[in-house]
2 protein chains.
Amino acid sequence: MSDQEKQTEEKIFESATEVFVEKGMDGARMQDIADHAGINKALLHYYYRTKDKLFDAVFEKIAEKMFRKFAPVLDANYTLEEKIRFFFREHISFLQRNSRLPSFFLNEINRNPERIRKLIRKADIDQLWHTLEAQHRDEFRKYNITPEMIPQIMTSIAAMSVFPFAARGIIETVFEKMGVKFDDYLEQRKEFAAEFVIRALKK
Amino acid sequence: MSDQEKQTEEKIFESATEVFVEKGMDGARMQDIADHAGINKALLHYYYRTKDKLFDAVFEKIAEKMFRKFAPVLDANYTLEEKIRFFFREHISFLQRNSRLPSFFLNEINRNPERIRKLIRKADIDQLWHTLEAQHRDEFRKYNITPEMIPQIMTSIAAMSVFPFAARGIIETVFEKMGVKFDDYLEQRKEFAAEFVIRALKK
DNA sequence: AAATAATTTAACCAAACAGTCAAAGATATG
DNA sequence: CATATCTTTGACTGTTTGGTTAAATTATTT
């Protein structure tokens, strides 16, 4: 693959990512992506034969990037509380830099659930879970965390981090009326979310 | 307005709601809505001149329905803890019956933030907030809740309730692999979320 | 430098789309 | 029952869309 080709392909991929994330699969236009990349539509179809294939490539890359942020949580050298603090700090920081991703991602998955099946099969999510459980068995007992509570806790942690971005449109507008700056709120949230969850877990 | 006309208009409105919520503004087709209502496209345009006008009508109605669920929280006869329990029980129950609403709603707002501005102006959200603060001033002091924490707490409560629905596609798929039933999880969540938040608020 | 292969383009196509229109059917009004 | 008004339809239009094609340009190989 020549440098020129790689450059063009990369330019296309970046442009496609931008347009898809902003407009969604249905709202995105191939012409828009081509314009954005400074090429014409035929060349776009030359590199990625169809809109679907291009979208799939973009979507998979984004998913991979998002899930990668979860990996360090599996490091056995941290306590549960340290992991929670680490997760919120890192995950919210990542989303600050990619603030439209959650809304885009969640929506496209709900619109076509088949998409996530492939990704989850590849990421071995349940495996990941068993690792975590083994690492913190003692702590779970200390906190009185039973297996039935796991799904509740997992989704609560994800919710605390992702929701402000998924609902950014509403939240930002309400904050405006209350005189609160969304950016300040996010900075504050890294710590707040962690302590909130840790307190909730304690008896 | 004759009965026949009302019936047709209602049928159109219901069909439009279904199709818009399922496919989103961009993904929805006027032909689809017409088919769904058992009429032809010309009649659809006779009642609602454009797709945009039809969408606006549907969207406003949905928003009104969602925000109405927050109203009982303003009843002064409940303590803060009672309100939290009440909110999760009622709000999650509502979303169980309208499980696609959050994803649709959040996405369309992020896609076009101007939409929410109108609604929030009408709903007087900040007013609503001051009422709440006045009702629970003593309890806030007891919990050591400072004004800066309010936005964090508000969004956390919303997140706990709305996120499982907004991220339903992923959550349900992960649960499948873990052998957890989403419906059971939701039933459990009404109580879990309330106690989780209440514990988190306590020092 | 000639031949071959890869890249890029302008012009084009068929399908899908939101929206229109004239006229037919139904319903109410005098 | 005749006239006016409201409702519904089938057929149509102009535009936008994803995708194609054949030919031109550029890069690579021999």
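Computation of the quantities below employed the complete heavy-atom set of this structure, encompassing side-chain atoms and omitting hydrogens, waters and symmetry-equivalent molecules. Chain A is the first sequence line, chain B the second, and so forth, proteins listed ahead of strands; every chain is numbered from 1.
Ring pair B:Phe20/B:Phe104: centre-to-centre distance not below 6.0 Å.
Candidate nucleotides C:dA18, C:dT8, D:dG18 were compared by shortest atom distance to the side chain of B:Lys51, and C:dA18 ranks first. Distances were taken from every side-chain heavy atom of A:His45 (C-beta onward) to each of C:dT7, C:dT20, D:dG19; the shortest belongs to D:dG19. For A:Tyr46, taking side-chain heavy atoms from C-beta onward, the closest of the listed nucleotides C:dG19, C:dT8, C:dT9 is C:dT8.
Classification of the B:Phe55-B:Phe59 ring pair by plane angle, with boundaries at 30° and 60°, yields parallel.
What separates CG of B:Asn40 from P of C:dA23 is a distance of 17 Å, to the nearest Å.
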Hey, what are the protein-to-nucleotides 12-14 of chain D N/O distances that come in under 3.5 Å?
none

- From CA spacing to verdict: side-chain contact (heavy atoms from CB on, under 4.5 Å), B:Leu201, B:Asn144: CA-CA 8 Å; B:Leu201 290 181; B:Asn144 267 336; over 6 Å; no

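Comparing A:Ala42 and A:Arg29 against DNA chain D, the residue whose closest nucleotide sits nearer the 5' end is A:Arg29.
For C:dT8, one of the phosphate oxygens OP1 or OP2 lies less than 4.0 angstrom from a side-chain nitrogen or oxygen of A:Tyr47.
Here B:Ala28 lies in heavy-atom contact (under 4.0 Å) with sugar-phosphate atoms only.
With A:Lys83 contributing its side chain and A:Val73 its backbone, the two residues share a donor-acceptor pair below 3.5 Å.
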